[in-house]
Amino acid sequence: MGSRVTIATPEDFLLVRDACSYGYFLLAPNEWDPIDRTLSRPLRLPEGRARARIGQPEGRAGSGLVVELDRRIGRRERGELARQVSRMLRLDESAAEIAAFHDVDERWRATGRGRLFRSPTLFEDVVKTVTSCNVAWPSTIRMNARLCEVLDAAFPSAAQLARRRATTLRARCGVGYRDARLVELAKLFASGAVDEGRLEDPGASDEEAFETLTALPGIGPYAAGNIMQLLGRYGRLAIDTETERHAREELGFREEGAALRAKVERRYERFGPHRFRSYWFEVWSAYERRRGPAWTWTPRGTGSGFTASSTRSRGPGRAP
DNA sequence: GGTAGACCTGGACGC
DNA sequence: GCGTCCAGGTCTACC
(Lines give C-alpha, C1' and ligand atoms only; values in the text may rest on other atoms or scores of the structure.)
Protein backbone atom coordinates (compact mmCIF):
# COMPACT_ATOMS: atom_id res chain seq x y z
CA MET A 1 0.00 0.00 0.00
CA GLY A 2 1.60 3.22 -1.11
CA SER A 3 0.99 6.88 -0.54
CA ARG A 4 -0.77 9.45 -2.65
CA VAL A 5 0.38 13.06 -2.41
CA THR A 6 -1.13 16.14 -4.02
CA ILE A 7 1.13 19.04 -4.98
CA ALA A 8 -0.18 22.48 -5.97
CA THR A 9 1.16 24.09 -9.14
CA PRO A 10 1.44 27.64 -10.48
CA GLU A 11 -1.72 28.69 -12.33
CA ASP A 12 -0.11 28.29 -15.76
CA PHE A 13 1.64 24.96 -15.12
CA LEU A 14 0.84 22.15 -17.56
CA LEU A 15 2.56 18.81 -17.03
CA VAL A 16 2.54 17.54 -20.62
CA ARG A 17 4.13 20.76 -21.81
CA ASP A 18 6.46 21.61 -18.94
CA ALA A 19 7.81 18.11 -18.27
CA CYS A 20 8.41 17.44 -21.95
CA SER A 21 10.43 20.58 -22.51
CA TYR A 22 14.04 19.41 -22.37
CA GLY A 23 15.71 16.16 -23.44
CA TYR A 24 16.47 15.01 -19.92
CA PHE A 25 12.85 13.88 -19.50
CA LEU A 26 13.82 10.99 -21.79
CA LEU A 27 16.92 10.01 -19.80
CA ALA A 28 16.98 7.33 -17.08
CA PRO A 29 15.70 7.07 -14.50
CA ASN A 30 12.93 9.31 -15.87
CA GLU A 31 10.16 7.49 -17.71
CA TRP A 32 7.54 9.53 -19.53
CA ASP A 33 4.39 7.59 -20.44
CA PRO A 34 2.76 9.18 -23.51
CA ILE A 35 -0.42 7.13 -22.99
CA ASP A 36 -1.06 8.04 -19.34
CA ARG A 37 0.81 11.33 -19.66
CA THR A 38 2.64 10.65 -16.43
CA LEU A 39 6.27 10.92 -15.40
CA SER A 40 7.69 8.10 -13.29
CA ARG A 41 11.03 7.58 -11.60
CA PRO A 42 12.53 6.40 -8.33
CA LEU A 43 13.39 9.21 -5.93
CA ARG A 44 15.84 9.16 -3.04
CA LEU A 45 13.92 10.11 0.11
CA PRO A 46 15.06 10.27 3.76
CA GLU A 47 13.79 6.74 4.51
CA GLY A 48 15.06 5.23 1.28
CA ARG A 49 14.08 4.93 -2.33
CA ALA A 50 10.47 5.30 -3.47
CA ARG A 51 9.10 5.06 -6.97
CA ALA A 52 6.98 8.09 -7.85
CA ARG A 53 4.41 8.42 -10.61
CA ILE A 54 3.50 12.03 -11.28
CA GLY A 55 0.32 12.95 -13.11
CA GLN A 56 -1.96 15.93 -13.56
CA PRO A 57 -5.36 14.17 -13.59
CA GLU A 58 -7.47 17.20 -14.49
CA GLY A 59 -5.12 17.93 -17.37
CA ARG A 60 -5.66 21.68 -17.30
CA ALA A 61 -3.15 24.40 -16.52
CA GLY A 62 -2.77 25.09 -12.84
CA SER A 63 -4.54 21.95 -11.65
CA GLY A 64 -2.79 19.93 -8.95
CA LEU A 65 -0.25 17.19 -9.44
CA VAL A 66 -0.97 13.80 -7.96
CA VAL A 67 2.08 11.76 -6.99
CA GLU A 68 1.55 8.06 -6.39
CA LEU A 69 4.30 6.25 -4.49
CA ASP A 70 5.01 2.55 -4.20
CA ARG A 71 5.33 2.75 -0.40
CA ARG A 72 3.93 4.79 2.44
CA ILE A 73 5.79 7.98 3.26
CA GLY A 74 5.53 10.27 6.28
CA ARG A 75 5.36 14.03 6.70
CA ARG A 76 9.13 14.53 6.59
CA GLU A 77 9.42 12.55 3.38
CA ARG A 78 6.49 14.42 1.85
CA GLY A 79 8.39 17.65 2.25
CA GLU A 80 11.44 16.23 0.51
CA LEU A 81 9.26 14.68 -2.20
CA ALA A 82 7.64 18.06 -2.89
CA ARG A 83 11.06 19.73 -3.00
CA GLN A 84 12.40 17.27 -5.58
CA VAL A 85 9.27 17.33 -7.75
CA SER A 86 9.29 21.11 -7.59
CA ARG A 87 12.91 21.21 -8.73
CA MET A 88 12.31 18.86 -11.66
CA LEU A 89 9.24 20.67 -12.92
CA ARG A 90 10.31 24.19 -11.92
CA LEU A 91 7.20 24.75 -9.84
CA ASP A 92 9.19 27.50 -8.10
CA GLU A 93 8.94 29.61 -11.26
CA SER A 94 5.66 31.50 -10.84
CA ALA A 95 3.16 32.34 -13.57
CA ALA A 96 4.28 35.96 -13.22
CA GLU A 97 7.91 34.99 -13.91
CA ILE A 98 6.90 33.05 -17.01
CA ALA A 99 4.74 36.00 -18.11
CA ALA A 100 7.80 38.25 -17.74
CA PHE A 101 9.62 35.98 -20.17
CA HIS A 102 6.69 36.24 -22.58
CA ASP A 103 6.81 40.02 -22.30
CA VAL A 104 10.37 39.83 -23.64
CA ASP A 105 9.66 37.13 -26.24
CA GLU A 106 6.02 37.15 -27.37
CA ARG A 107 6.43 34.06 -29.53
CA TRP A 108 5.87 31.65 -26.66
CA ARG A 109 2.90 33.31 -24.99
CA ALA A 110 0.30 31.36 -26.97
CA THR A 111 1.72 27.96 -26.05
CA GLY A 112 2.76 29.07 -22.58
CA ARG A 113 6.24 27.62 -22.92
CA GLY A 114 8.71 28.89 -20.34
CA ARG A 115 9.75 26.12 -17.96
CA LEU A 116 12.55 23.69 -18.77
CA PHE A 117 12.61 20.22 -17.25
CA ARG A 118 15.56 19.30 -15.04
CA SER A 119 16.63 16.71 -12.45
CA PRO A 120 15.77 16.46 -8.74
CA THR A 121 19.38 17.34 -7.88
CA LEU A 122 22.04 19.60 -9.34
CA PHE A 123 24.51 16.71 -9.29
CA GLU A 124 22.29 14.60 -11.55
CA ASP A 125 21.98 17.56 -13.92
CA VAL A 126 25.77 17.93 -14.02
CA VAL A 127 26.32 14.24 -14.73
CA LYS A 128 23.64 14.24 -17.43
CA THR A 129 25.33 17.25 -19.02
CA VAL A 130 28.75 15.56 -19.00
CA THR A 131 27.26 12.42 -20.56
CA SER A 132 25.79 14.54 -23.35
CA CYS A 133 29.13 16.08 -24.31
CA ASN A 134 31.10 14.88 -27.30
CA VAL A 135 28.64 12.10 -27.98
CA ALA A 136 25.51 11.37 -29.96
CA TRP A 137 22.13 11.23 -28.22
CA PRO A 138 21.76 7.40 -28.30
CA SER A 139 25.01 7.11 -26.31
CA THR A 140 23.76 9.65 -23.77
CA ILE A 141 20.62 7.55 -23.31
CA ARG A 142 22.73 4.41 -22.88
CA MET A 143 25.18 5.95 -20.38
CA ASN A 144 22.39 7.24 -18.12
CA ALA A 145 20.53 3.92 -18.29
CA ARG A 146 23.67 2.02 -17.29
CA LEU A 147 24.52 4.40 -14.46
CA CYS A 148 21.08 3.59 -13.03
CA GLU A 149 21.32 -0.15 -13.71
CA VAL A 150 24.82 -0.57 -12.30
CA LEU A 151 24.96 1.97 -9.46
CA ASP A 152 21.52 3.08 -8.28
CA ALA A 153 18.05 2.91 -9.81
CA ALA A 154 17.26 6.39 -8.47
CA PHE A 155 20.40 7.72 -10.21
CA PRO A 156 23.72 7.51 -8.36
CA SER A 157 24.35 10.17 -5.74
CA ALA A 158 27.65 12.03 -5.61
CA ALA A 159 28.71 9.91 -2.62
CA GLN A 160 27.94 6.67 -4.47
CA LEU A 161 29.75 7.74 -7.61
CA ALA A 162 32.74 9.04 -5.64
CA ARG A 163 33.29 5.56 -4.20
CA ARG A 164 33.50 3.83 -7.58
CA ARG A 165 36.62 3.19 -9.60
CA ALA A 166 36.92 5.07 -12.88
CA THR A 167 37.64 1.77 -14.62
CA THR A 168 34.33 0.36 -13.35
CA LEU A 169 32.40 3.26 -14.82
CA ARG A 170 34.17 2.84 -18.12
CA ALA A 171 33.71 -0.93 -18.31
CA ARG A 172 30.17 -1.23 -16.97
CA CYS A 173 28.54 2.10 -17.75
CA GLY A 174 30.18 2.86 -21.09
CA VAL A 175 31.17 6.39 -20.16
CA GLY A 176 34.50 6.13 -21.98
CA TYR A 177 37.14 8.76 -21.25
CA ARG A 178 34.65 10.60 -19.01
CA ASP A 179 35.25 7.99 -16.30
CA ALA A 180 37.90 9.76 -14.20
CA ARG A 181 36.24 13.16 -14.68
CA LEU A 182 32.91 11.83 -13.39
CA VAL A 183 34.54 10.31 -10.30
CA GLU A 184 36.44 13.54 -9.65
CA LEU A 185 33.26 15.58 -10.05
CA ALA A 186 31.46 13.26 -7.65
CA LYS A 187 34.21 13.68 -5.07
CA LEU A 188 33.97 17.46 -5.33
CA PHE A 189 30.19 17.38 -4.84
CA ALA A 190 30.27 14.74 -2.11
CA SER A 191 32.92 16.59 -0.12
CA GLY A 192 31.12 19.90 -0.32
CA ALA A 193 33.95 21.46 -2.31
CA VAL A 194 31.31 22.54 -4.82
CA ASP A 195 29.16 25.14 -3.10
CA GLU A 196 25.76 24.22 -4.53
CA GLY A 197 24.01 26.84 -2.43
CA ARG A 198 26.19 29.56 -3.88
CA LEU A 199 25.57 28.37 -7.45
CA GLU A 200 21.80 28.48 -6.82
CA ASP A 201 21.96 31.80 -4.94
CA PRO A 202 20.44 34.63 -7.03
CA GLY A 203 22.80 36.92 -5.13
CA ALA A 204 25.77 35.31 -6.87
CA SER A 205 26.44 36.73 -10.33
CA ASP A 206 26.18 34.67 -13.49
CA GLU A 207 29.84 35.35 -14.17
CA GLU A 208 30.82 33.90 -10.81
CA ALA A 209 28.66 30.81 -11.36
CA PHE A 210 30.06 30.32 -14.86
CA GLU A 211 33.65 30.58 -13.62
CA THR A 212 32.94 28.11 -10.82
CA LEU A 213 31.46 25.63 -13.28
CA THR A 214 34.20 25.86 -15.91
CA ALA A 215 36.78 25.17 -13.19
CA LEU A 216 35.22 21.72 -12.64
CA PRO A 217 36.64 18.63 -14.39
CA GLY A 218 34.85 17.77 -17.61
CA ILE A 219 32.99 21.08 -17.70
CA GLY A 220 33.89 23.40 -20.56
CA PRO A 221 32.07 26.41 -21.98
CA TYR A 222 29.21 24.44 -23.49
CA ALA A 223 28.58 22.25 -20.43
CA ALA A 224 28.82 25.24 -18.11
CA GLY A 225 26.35 27.19 -20.26
CA ASN A 226 23.93 24.30 -20.13
CA ILE A 227 24.26 23.87 -16.38
CA MET A 228 23.64 27.61 -16.02
CA GLN A 229 20.15 27.23 -17.53
CA LEU A 230 19.58 24.16 -15.35
CA LEU A 231 20.34 26.46 -12.41
CA GLY A 232 17.70 28.88 -13.65
CA ARG A 233 20.26 31.29 -15.06
CA TYR A 234 18.92 31.86 -18.56
CA GLY A 235 21.00 34.85 -19.60
CA ARG A 236 23.69 32.85 -21.38
CA LEU A 237 23.62 30.49 -24.38
CA ALA A 238 25.15 27.01 -24.45
CA ILE A 239 26.57 26.90 -27.95
CA ASP A 240 27.40 23.54 -29.48
CA THR A 241 27.25 21.98 -32.93
CA GLU A 242 23.49 21.68 -32.57
CA THR A 243 23.29 25.45 -32.14
CA GLU A 244 25.30 25.86 -35.31
CA ARG A 245 23.04 23.46 -37.18
CA HIS A 246 19.98 25.37 -35.94
CA ALA A 247 21.53 28.64 -37.08
CA ARG A 248 22.27 27.33 -40.55
CA GLU A 249 19.20 25.22 -41.23
CA GLU A 250 16.46 27.06 -39.35
CA LEU A 251 17.74 30.64 -39.31
CA GLY A 252 19.49 30.60 -42.68
CA PHE A 253 22.85 31.86 -41.38
CA ARG A 254 25.68 31.25 -43.83
CA GLU A 255 28.69 32.08 -41.67
CA GLU A 256 31.06 29.45 -40.27
CA GLY A 257 32.96 28.99 -37.02
CA ALA A 258 33.55 32.02 -34.82
CA ALA A 259 31.63 34.35 -37.15
CA LEU A 260 28.58 32.08 -36.98
CA ARG A 261 28.73 31.88 -33.19
CA ALA A 262 29.07 35.65 -32.93
CA LYS A 263 26.00 36.11 -35.12
CA VAL A 264 24.08 33.63 -32.96
CA GLU A 265 25.04 35.57 -29.83
CA ARG A 266 23.85 38.82 -31.45
CA ARG A 267 20.52 37.28 -32.44
CA TYR A 268 19.59 36.46 -28.84
CA GLU A 269 21.03 39.56 -27.17
CA ARG A 270 17.64 41.27 -27.23
CA PHE A 271 16.18 38.60 -24.94
CA GLY A 272 18.56 39.61 -22.15
CA PRO A 273 18.17 37.40 -19.07
CA HIS A 274 15.90 35.04 -21.04
CA ARG A 275 18.34 34.34 -23.92
CA PHE A 276 18.57 30.62 -23.37
CA ARG A 277 14.81 30.10 -23.18
CA SER A 278 14.24 32.03 -26.42
CA TYR A 279 16.94 30.02 -28.13
CA TRP A 280 15.88 26.69 -26.71
CA PHE A 281 12.19 26.93 -27.57
CA GLU A 282 13.15 27.77 -31.16
CA VAL A 283 15.18 24.55 -31.28
CA TRP A 284 12.50 22.55 -29.45
CA SER A 285 9.73 23.83 -31.73
CA ALA A 286 11.76 22.77 -34.76
CA TYR A 287 12.09 19.27 -33.28
CA GLU A 288 8.35 19.15 -32.68
CA ARG A 289 7.60 20.25 -36.24
CA ARG A 290 9.59 17.26 -37.47
CA ARG A 291 8.65 14.67 -34.86
CA GLY A 292 5.32 15.69 -33.40
CA PRO A 293 4.60 17.02 -29.91
CA ALA A 294 7.33 16.21 -27.39
CA TRP A 295 4.87 14.46 -25.07
CA THR A 296 4.49 11.72 -27.71
CA TRP A 297 8.23 10.97 -27.78
CA THR A 298 9.95 7.96 -26.24
CA PRO A 299 13.66 7.20 -25.71
CA ARG A 300 13.37 4.42 -28.28
CA GLY A 301 11.87 6.82 -30.80
CA THR A 302 14.56 9.41 -30.20
CA GLY A 303 17.34 6.86 -29.86
CA SER A 304 18.56 6.86 -33.40
CA GLY A 305 18.10 9.19 -36.25
CA PHE A 306 16.25 11.61 -34.03
CA THR A 307 16.83 15.32 -33.87
CA ALA A 308 18.46 17.74 -35.82
CA SER A 309 21.18 15.79 -37.27
CA SER A 310 18.71 13.35 -38.71
CA THR A 311 18.31 15.94 -41.42
CA ARG A 312 21.99 15.70 -42.24
CA SER A 313 23.38 13.18 -44.66
CA ARG A 314 25.19 11.34 -41.84
CA GLY A 315 25.24 11.10 -38.11
CA PRO A 316 23.14 9.49 -35.41
CA GLY A 317 21.70 12.67 -33.93
CA ARG A 318 22.55 15.13 -31.22
CA ALA A 319 20.76 15.48 -27.95
CA PRO A 320 17.29 17.00 -27.92
C1' DG B 1 45.69 33.71 -26.96
C1' DG B 2 45.04 30.47 -30.58
C1' DT B 3 45.36 25.83 -32.49
C1' DA B 4 46.11 20.84 -33.15
C1' DG B 5 45.47 16.45 -31.57
C1' DA B 6 43.96 12.90 -28.25
C1' DC B 7 40.25 11.05 -25.75
C1' DC B 8 36.00 7.10 -26.54
C1' DT B 9 31.95 5.22 -28.53
C1' DG B 10 28.78 3.78 -31.89
C1' DG B 11 26.59 4.55 -36.29
C1' DA B 12 27.32 4.95 -41.26
C1' DC B 13 29.66 3.56 -45.06
C1' DG B 14 32.53 0.88 -48.38
C1' DC B 15 34.26 -3.40 -49.59
C1' DG C 1 30.78 -9.35 -41.58
C1' DC C 2 34.69 -6.54 -41.09
C1' DG C 3 37.49 -2.44 -41.24
C1' DT C 4 37.55 2.48 -41.59
C1' DC C 5 35.81 7.01 -41.04
C1' DC C 6 33.43 10.45 -38.61
C1' DA C 7 30.95 13.34 -35.02
C1' DG C 8 30.73 15.17 -30.57
C1' DG C 9 33.04 18.85 -26.23
C1' DT C 10 36.99 19.03 -23.17
C1' DC C 11 41.69 19.04 -22.06
C1' DT C 12 46.57 19.49 -22.77
C1' DA C 13 50.67 20.57 -25.16
C1' DC C 14 52.68 23.52 -28.12
C1' DC C 15 53.56 27.71 -30.83
Side-chain angles (χ1 to χ4, degrees), chain A residues 22-24 26-28 123-151 161 164-189 194 207 209-231 236-249 255-262 264-265 276 279-280 283 286-287 291 299-320:
Chain A
Y22 195 66
Y24 291 3
L26 294 164
L27 295 180
F123 179 68
E124 183 177 329
D125 275 337
V126 169
V127 173
K128 280 182 159 52
T129 299
V130 171
T131 61
S132 73
C133 286
N134 199 27
V135 75
W137 183 240
S139 293
T140 304
I141 292 175
R142 200 171 299 114
M143 280 185 245
N144 280 273
R146 289 185 187 166
L147 285 168
C148 294
E149 287 163 15
V150 173
L151 299 181
L161 208 49
R164 305 308 291 237
R165 288 197 189 94
T167 50
T168 304
L169 293 187
R170 180 181 295 226
R172 299 187 62 196
C173 303
V175 301
Y177 68 91
R178 301 163 193 80
D179 56 356
R181 294 173 192 173
L182 285 171
V183 172
E184 191 56 34
L185 266 174
K187 287 178 178 170
L188 291 168
F189 272 81
V194 176
E207 288 67 29
F210 190 77
E211 279 183 26
T212 300
L213 292 169
T214 50
L216 297 174
I219 309 293
Y222 162 74
N226 191 57
I227 296 167
M228 291 285 280
Q229 67 87 3
L230 293 163
L231 284 164
R236 188 181 283 265
L237 300 178
I239 294 180
D240 62 357
T241 53
E242 182 60 9
T243 317
E244 295 179 5
R245 184 214 57 80
H246 176 74
R248 279 193 288 269
E249 295 183 9
E255 292 77 0
E256 294 286 338
L260 178 64
R261 289 191 289 276
V264 167
E265 291 282 4
F276 186 89
Y279 154 72
W280 182 253
V283 172
Y287 291 163
R291 305 291 301 203
R300 180 185 288 269
T302 61
S304 63
F306 179 74
T307 78
S309 1
S310 64
T311 60
R312 281 186 233 144
S313 56
R314 292 190 55 164
R318 262 288 297 157

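Lettering of chains follows the sequences in order, A, B, ..., and the numbering in each one begins at 1.
- Within the structure, a side-chain polar atom (N or O) of A:Arg170 is placed less than 4.0 Å from OP1 or OP2 of B:dC8.
- Rounded to whole angstrom, the span from the OH atom of A:Tyr177 across to the P atom of C:dC11 amounts to 9 Å.
- Atom C1' of nucleotide B:dC7 and atom CE of A:Met143 are separated by 12 Å, given to the nearest angstrom.
- Between A:Asn134 atom CG and B:dG10 atom C1' there is a gap of 12 Å when expressed in whole angstrom units.
- A:Tyr22 and A:Asn226 share a side-chain donor-acceptor pair at under 3.5 Å.
- Residues A:Tyr24 and A:Asn144 bring no donor and acceptor atom of their side chains to less than 3.5 Å of each other.
- Across the protein-nucleic acid pair, A:Glu244 atom CD and C:dG9 atom C1' stand 12 Å apart, rounded to whole Å.
- Rounded to an integer number of Å, the gap from A:Asn226 CG to C:dT10 C1' is 15 Å.
- Here the CG-CZ distance, from A:Leu169 to A:Arg165, works out to 11.0 Å after rounding to the nearest 0.5 Å.
- Rounding to whole angstrom units, CD of residue A:Glu184 and P of C:dT10 are separated by 17 Å.
- Counting atom types as modelled, A:Tyr222 pairs no side-chain N or O with a base atom of C:dG8 as donor and acceptor under 3.5 Å.
- Contact annotation: A:Thr241 side-chain N/O to C:dG8 OP1/OP2 distance is under 4.0 Å.
- For A:Arg178, taking side-chain heavy atoms from C-beta onward, the closest of the listed nucleotides C:dT10, C:dG8, B:dG10 is C:dG8.
- For A:Arg142, counting side-chain heavy atoms from C-beta on, the closest listed nucleotide (B:dG10, B:dC8, C:dG9) is B:dG10.
- Heavy atoms of A:Leu216 sit under 4.0 angstrom from primed sugar atoms or phosphate atoms, though from no base atom.
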*asked:* As a quick check of understanding, evaluate salt bridge (charged side-chain N to carboxylate O under 4.0 Å, His left out) for A:Glu265 and A:Arg261, giving each step before the final call.
replied: CA-CA 6 Å; A:Glu265 291 282 4; A:Arg261 289 191 289 276; over 6 Å; no
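- A cation-pi geometry, defined here as NZ or CZ lying under 6.0 Å from the six-membered ring centre and within 45° of its normal, holds between A:Arg236 and A:Phe210.
- Look at CG on A:Leu182: it is 12 Å from P on C:dC11, rounded to the nearest Å.
- Of the candidate nucleotides B:dG10, B:dC8, C:dT10, C:dT10 has the atom nearest to the side chain of A:Arg181.
- When the C1' atom of C:dG9 is taken as reference, atom CG of A:Leu237 falls 17 Å away, rounded to whole Å.
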